[in-house]
Amino acid sequence: MFASNQDVLLTSTCTDNTRVAWRAFHDSITLIVMSSESGASDLSLNRLLENVFNAMVLVIGLDDLVNIKNVERLKKDLRACYRLIDSFLLETEKIGDLTQCVDCVIAYDVPILQECLDGFTQAAESNFGCLMAGGKVVVATEKWWRLSSQEVMLLCWLVSSLAPHSSRDYPVYLPQGSPTVPHRLLTFQLVPGVDVCVLCGPKPSLQKVETELVERFWKPVHDPLKSCLRVQMRSFPASVPLHHGILGLLLINRDMNKSLYTVQAHPMEEMQKTDLKLTLEQRRATLHSFYTLAMSRYFPSERTEGKNTLPSDESFQCGFSHNAHQCYTVSSSCKCYGMKTDLHLLFLLFKPEVPTFSMRSIANKTIAAFTKDFPF
């Protein structure tokens, strides 16, 4: 407040052990976040602030946040957002909240599942449909992918944050596409952990879709649906060849704003080991930190920043006539390698024994696997 009175834009500060960031949205709501995590950065905290505000818009709409008539009523309405907001503060198998991309899986039988989803969505009088396993997108309709990546990410996290239920009819506001007019989000649990979602208008009724369409379209593909859960942790089939030295992977398709993310690159091998040098939690933290470092220092973001925000990119690139396309870090417990191509961003977490000079060729082979053999 003191800075703004002096016409100075101050967006964050830090103490010896805590980083604090804040942001005002629509000159109405100010959000403040404090973190004592060692990996906290301006980039990650600003993305968290964006996610929290957009989660509020998703659930109660922009009008009630901008034109606040009754603060006590607003506080009561915001309780519906708590579970979704809490999910952004927890450790998960997803990374879309940080990357602002859609967490996906490459499943078996994708053509069959895509055909079923397209038919089911049309029968439900909609063009917006999505099949999710563990909160990650397996297949989606063409129109679903036309929603902003942040909206798709929020919808997936919303479904994951709600208590499991056989069916739901949930009003949602799309933060960018329809922040003031609600749509209906219909969700149906096909098998435990696998949900199909449809965005639609006033029709059809939840009961009609559940009784007439769900069994008709999805019962014949019960086995392919269950197989989606087998790839959920790794995010892609075991047949995808990965170097044995890779511990974790984050692959982002820059055109589609979708990502594959795992810290269990070789789950079957690791199940037999009890003494993992890096726990799964440590792997997630390391890959998160490396992504944040690379995106804020070496791979400048092409996202447009909002009003009253400072760019999260560091001024490291100033004075250089080119942008980096690769970067790496080395420590006693692991190594990390990042690569930027025209279509993809790839971030790899390696065992410390992997020779530093070999990381580039391993990254190139990994990119090749996901562009030729298993297109993503």
Worksheet item: Judged by atom type as modelled, is there a donor-acceptor pair below 3.5 Å linking the side chain of Asp103 to the main-chain atoms of Lys136?
Response: no
*Ser126 (side chain) donor-acceptor with Leu199 (main chain) under 3.5 angstrom*: yes
Side-chain heavy atoms of Leu247 within contact of Val263, under 4.5 Å: no
Given Glu72 and Lys76, is the salt bridge (Lys or Arg N to Asp or Glu O under 4.0 Å) satisfied, shown in steps? CA-CA 6 Å; Glu72 292 305 315; Lys76 187 177 179 180; over 6 Å; no
Honestly curious: do Phe120 and Val137 fall in one hydrophobic cluster under the side-chain, below-4.5 Å linking rule? no
Tell me whether Arg168 contacts the main-chain N or O of Phe188 through its side chain, where contact means a donor paired with an acceptor under 3.5 Å.
no
Under a single-linkage definition using a 4.5 Å side-chain heavy-atom cutoff for Ile, Leu, Val, Met, Phe, Trp and Tyr, are Met56 and Tyr170 assigned to the same hydrophobic cluster?
yes
Query raised in the report: Does OH belonging to Tyr108 count more than 12 external heavy atoms closer than 6.0 Å?
Result: yes
Check your understanding: Can you find a heavy atom in the side chain of Val20 that is under 4.5 Å from one in the side chain of Ser12?
Key -> no
For Gln282 and Thr279, indicate whether the former's side chain and the latter's backbone hold a donor-acceptor pair under 3.5 Å.
yes
Query raised in the report: Does Arg23 use its side chain to pair, donor to acceptor, with the backbone of Ile32 at less than 3.5 Å?
Result: no
Minimal heavy-atom distance between Ile106 and Pro237, with the atoms involved, is O-CD, 3.1 Å
Can you confirm whether more than 12 heavy atoms, excluding those of Glu353, are under 6.0 Å from its CD atom? yes
Review point. Would Arg216 and Glu212 pass as an ion pair if we require N to O under 4.0 Å?
Key: no
Heavy-atom nearest pair, Leu349 first then Cys336, reads CD1-SG, 3.7 Å
* Asked: Short question: side chain of Arg254, backbone of His344 - any donor-acceptor pair under 3.5 Å?
  -> no
*Below 6.0 angstrom between ring centroids: does that apply to Phe236 and Phe370?*
yes
Q.
Between Arg19 and Glu37 (salt bridge meaning N to carboxylate O under 4.0 Å), is one present in this structure?
A. no
- Task: Go through the steps to decide whether Cys228 and Leu113 satisfy the test side chain to side chain contact (heavy atoms under 4.5 Å, CB included), and finish with yes or no.
- Result: CA-CA 10 Å; Cys228 293; Leu113 295 173; 3.7 Å; yes
With Ser259 as partner, the option from Asn253, Leu250, Leu345 fulfilling side-chain contact (heavy atoms from CB on, under 4.5 Å) is Leu250
If we ignore angles and hydrogens, is there a donor and acceptor under 3.5 Å between the side chains of Glu210 and Ser167?
yes
Distance col, row Ile60:CD1 vs Leu65:CG, nearest 0.5 angstrom, shows 4.0 Å
Side chains of Val159 and Trp157, heavy atoms from C-beta outward: is any pair under 4.5 Å? no
Close side-chain approach of Thr18 to Ser35, heavy-atom, < 4.5 Å: no
Taken to the nearest 0.5 Å, the spacing of Gln326 CD from Asn364 CG works out to 6.5 Å
Output for pair (Asn46 CG, Ser44 OG), nearest 0.5 Å, gives 8.5 Å
Any side-chain to backbone donor/acceptor pair from Ser289 onto Thr286? Under 3.5 Å, distance only. no
Could you see if Val57 belongs to whatever hydrophobic cluster contains Val71? Use Ile, Leu, Val, Met, Phe, Trp, Tyr and a side-chain cutoff under 4.5 Å.
yes
- Heavy-atom side-chain proximity of Trp218 to Val194 below 4.5 angstrom: no
query: So, the side chain of Gln189 versus the backbone of Pro164: is there a donor-acceptor pair under 3.5 Å, distance only?
result: no
In terms of heavy-atom contacts, Leu348 and Ala363 come closest through CD1-CA, 3.8 Å
*State whether the number of non-hydrogen atoms from other residues, nucleotides or ligands found under 6.0 Å of Glu281 atom CD is greater than 12.*
no
- Message: Could you walk me through whether Asn54 and Glu50 satisfy the side chain to side chain donor-acceptor pair (under 3.5 Å) test, starting with their C-alpha distance in whole Å, then the side-chain angles of each, then the deciding distance to 0.1 Å, before giving a yes or no?
- Response: CA-CA 6 Å; Asn54 284 313; Glu50 279 184 44; 4.9 Å; no
Legend entry - Glu215 atom CD, over 12 foreign heavy atoms within 6.0 Å: no
List the steps and the verdict of side chain to side chain donor-acceptor pair (under 3.5 Å) for Thr329 and Lys335.
CA-CA 6 Å; Thr329 61; Lys335 296 178 181 180; over 6 Å; no
### Message
Are more than 12 heavy atoms, taken from residues, nucleotides or ligands other than Gln176, located less than 6.0 Å from that residue's CD atom?
### Response
yes
Practice problem: Please answer whether the main-chain N or O of His288 pairs with a side-chain N or O of Thr292 as donor and acceptor at a distance below 3.5 Å. | Solution: yes
Distance col, row Leu147:CG vs Met153:CE, nearest 0.5 angstrom, shows 13.0 Å
Exercise. Is it the case that one hydrophobic cluster holds both Phe25 and Ile85, taking links as side-chain heavy atoms less than 4.5 Å apart, direct or via other members?
Worked result: yes
**Prompt:** Can you get from Leu278 to Ile95 by hopping between Ile, Leu, Val, Met, Phe, Trp and Tyr side chains that sit under 4.5 Å apart?
**Reply:** yes
In Ser148, Cys156, Ser149, the residue satisfying side-chain contact (heavy atoms from CB on, under 4.5 Å) with Val152 is Cys156
**Between Tyr173 and His183, ring centroids under 6.0 Å** = no
Smallest heavy-atom separation, Ala124 atom then Val198 atom, equals CB-CG1, 4.3 Å
Rounded to the nearest 0.5 angstrom, the CG-CG distance for Leu186 and Asp195 is 12.5 Å
(request) Taking the six-membered ring for Trp and the single ring otherwise, decide whether the centroids of Tyr291 and Phe347 are under 6.0 Å apart. (result) yes
NE2 of His243 to CD1 of Ile362, rounded to nearest 0.5 Å, is 3.5 Å
Contacts satisfying salt bridge (Lys or Arg N to Asp or Glu O under 4.0 Å) that involve residues 228-252 (not counting sequence neighbours) are none
- With side chains defined as the heavy atoms from C-beta onward, is the minimum distance between Lys94 and Ser160 less than 4.5 Å? yes
- Quick one: do Arg284 and Glu93 make a salt bridge, cutoff under 4.0 Å? yes
Problem - Pairwise side-chain contact, Trp144 with Leu155, heavy-atom cut-off 4.5 Å (strictly under) - result: yes
| query | Do Gln100 and Asn51 meet the criterion of a side-chain donor-acceptor pair at a distance under 3.5 Å? | reply | yes
Heavy atoms of Pro175 and Leu154 approach each other most closely as CG-CD1, 3.9 Å
Review point. Do Thr121 side-chain atoms and Asp118 backbone N/O form a donor-acceptor pair below 3.5 Å?
Key: no
- [ ] Taking the side chain as every heavy atom from C-beta outward, state whether Leu249 and Tyr261 have any atom pair closer than 4.5 Å.
- [x] no
